[in-house]
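Data block below; observations after.
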Amino acid sequence: MVEPQPPRPSVRAARRSDLQVLTDLRMRFLGEAAHDEPRLRLMPDARVRTEQAFPVWMGHDDRVILLAAPSEGEDEATPVAYAMGLLRRAPPILASQNVGEILEVYVTPEHRGEGLAAKLVAVLTDALVGRGAEVLRSAVPVGHVAATARLERAGYRPLQIELERSLGAG
Amino acid sequence: MEGIPIRNARRGDIPSLLLLWGAMMREFEEADARFALHPGAREYMATTFAAWIQDPTRIVVVAEERGRLVVGFAAGVVLAGNGWQVPVRLGRISDTYVAAPRRRQGLARRLAGRVMDLLYEKGVDTVRLAAAVRNEGALAFWRSMGWSDLEVVLERPVEPDAD
């Protein structure tokens, strides 16, 4: 007897018709980041800028934007997660110039723990490697222990700390 | 005691800047092989320093001992924010380095302070930089200057290490 398999997340490339859902998901992502880290608070026109940016980004071959829904076989299921990555050609300073950057990964809270983030990161990684990435990088706000742990399980190791200082603080 | 003078870099400083930059990058690579240099890095940086010195959005300062020996440098830049998160304009310190024999005299602190002052004069009130995780001395230095951690940048090769 074949055991029933748990539903597997479906991941697909974002399309222009996804602009609304993508923008909604990204604003939730940015909002959570701002809540957790006040230094990353949003600009008043962040939503408008995001709506303007996505169509441009979708036209760039070096950028990958993915959407995920909870289960396979439901093409029209509402996406509940997204991820965005970029293949950046760095100047010839470090040996590895083709850097695949995992920029954003977000899963709505009610669908966390279903493997959506891991699937998105796996598909995004394949897409970036397919575009020629030699190394993969991702920046995580300090204190985001779960995200850091997820990346470390995937073979990532800390490289740099991004530090900030306000000059108004004296 | 009067410190080693700090001034804006000039085109004539480029050979000294390249020497210091090369020494800095060697230290990075010795601590972490992921900072291995591209074969064309030195040539690229020669043209980059020349461009930075001419660029009004860039700051390059040097510490010059007895008017003839450049023993440290620091560089910064004014950047636009990403458009959705604050700040609107952002300062970035890209490099700070002091030759090993001239360390522990407060020179790095003065070089970084000069860059921050000049960034502030250019209308920037938030400054960021990246320090290598394995450079514990640098991290302690910046934190002692009031900098706080914002993000961790993680990296992996395309084929993850077995460890």
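Just so we're on the same page: letters track the sequence lines, and every chain starts at 1. Side chains included, hydrogens not; waters and symmetry mates left out as well; all remaining heavy atoms used.
Counting heavy atoms from C-beta outward, A:Ile161 and B:Glu151 have side chains that stay 4.5 Å or more apart. A 4.5 Å side-chain heavy-atom check between B:Val153 and A:Arg137 finds at least one atom pair inside the cut-off. In this structure the side chain of B:Val127 reaches within 4.5 angstrom of the side chain of A:Leu167, judged on heavy atoms. When side chains are defined from C-beta on, B:Glu43 does not count as touching A:Pro92, because their heavy atoms never get closer than 4.5 Å.
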Take A:Glu37 and B:Leu150 through the test side-chain contact (heavy atoms from CB on, under 4.5 Å) and record every step on the way to the result. CA-CA 8 Å; A:Glu37 174 51 79; B:Leu150 182 69; 4.0 Å; yes
Carefully, step by step, assess A:Gln160 and B:Phe35 under the rule side-chain contact (heavy atoms from CB on, under 4.5 Å). CA-CA 11 Å; A:Gln160 292 177 309; B:Phe35 289 99; 4.0 Å; yes
Show your reasoning for whether side-chain contact (heavy atoms from CB on, under 4.5 Å) applies to A:Thr125 and B:Arg156. CA-CA 11 Å; A:Thr125 298; B:Arg156 60 157 258 205; 4.2 Å; yes
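Looking at A:Leu151, only its side chain comes within 4.5 Å of chain B, counting heavy atoms on both sides. Only the side chain of A:Val129 comes within contact range of chain B, with heavy atoms under 4.5 Å apart. Of the atoms belonging to A:Ile93, heavy atoms from both backbone and side chain fall under 4.5 Å from chain B. Within the 4.5 angstrom heavy-atom criterion, no atom of A:Glu101 approaches chain B. Residue contact with chain A, scored on non-hydrogen atoms closer than 4.5 Å, involves the side chain of B:Met45 exclusively.
In B:Glu65, the CD atom is crowded: over 12 heavy atoms of neighbouring residues, nucleotides or ligands sit closer than 6.0 Å.
Ranked by non-hydrogen atom pairs under 4.5 Å with chain A, the options B:Thr126, B:Asp125, B:Val124, B:Leu119 are led by B:Asp125. The greatest number of non-hydrogen atom pairs below 4.5 Å with chain A, out of B:Glu29, B:Arg34, B:Met25, is found for B:Arg34. Contact count against chain B (heavy-atom pairs under 4.5 Å) is highest for A:Leu40 among A:Leu40, A:Leu30, A:Val48, A:Leu42. Contact count versus chain A (heavy atoms, under 4.5 Å) is highest, among B:Glu155, B:Arg143, B:Gln85, for B:Glu155. When each of A:Ala139, A:Gly143, A:Ala95 is scored by its heavy-atom pairs under 4.5 Å with chain B, the top score falls to A:Ala95. Ranked by heavy-atom pairs under 4.5 Å with chain A, the first of B:Ala36, B:Ala130, B:Ala132, B:Ala131 is B:Ala131. Your options are B:Thr48, B:Val133, B:Val88, and the one with the most heavy-atom pairs under 4.5 Å with chain A is B:Val133. Interface remark: of the candidates A:Ser138, A:Gly100, A:Pro141, A:Ser138 forms the most heavy-atom pairs closer than 4.5 Å to chain B. Residue with the most contacts toward chain B among A:Arg47, A:Arg26, A:Glu152: A:Arg26 (heavy-atom pairs, distance under 4.5 Å).
B:Leu129 and B:Met24 sit in two unconnected hydrophobic clusters of ILVMFWY residues. Membership requires side-chain heavy atoms under 4.5 Å apart, directly or through other members. A:Leu124 and A:Leu22 fall into different hydrophobic clusters, where Ile, Leu, Val, Met, Phe, Trp and Tyr side chains are chained together by heavy-atom contacts under 4.5 Å. Put simply, A:Tyr106 and A:Val121 are part of two different groups of oily side chains (I, L, V, M, F, W, Y) that touch within less than 4.5 Å, one to the next. Grouping the Ile, Leu, Val, Met, Phe, Trp and Tyr side chains by contacts below 4.5 angstrom, directly or via other members, places B:Leu154 apart from A:Leu103. Residues B:Leu19 and B:Val71 do not share a hydrophobic cluster, clusters being chains of Ile/Leu/Val/Met/Phe/Trp/Tyr side chains in contact below 4.5 Å.
Nearest heavy-atom pair across B:Val158 and A:Ala133 is CG2-O, 3.0 Å.
Here A:Leu94 contributes atom CG and B:Leu37 contributes atom CG; the two are 6.5 Å apart, rounded to the nearest 0.5 Å. In this structure, CG on A:Leu163 lies 5.0 Å from CG on B:Asp149, to the nearest 0.5 angstrom.
With salt bridges taken as basic N to acidic carboxylate O contacts below 4.0 Å, none links A:Glu164 and B:Arg92.
B:Arg128 places no side-chain N or O within 3.5 Å of a backbone atom of A:Arg165 that could act as its donor or acceptor partner. Side chain of A:Arg49 to main chain of B:Gly83: a donor-acceptor pair is present (N/O by atom type, distance under 3.5 Å, no hydrogens or angles).
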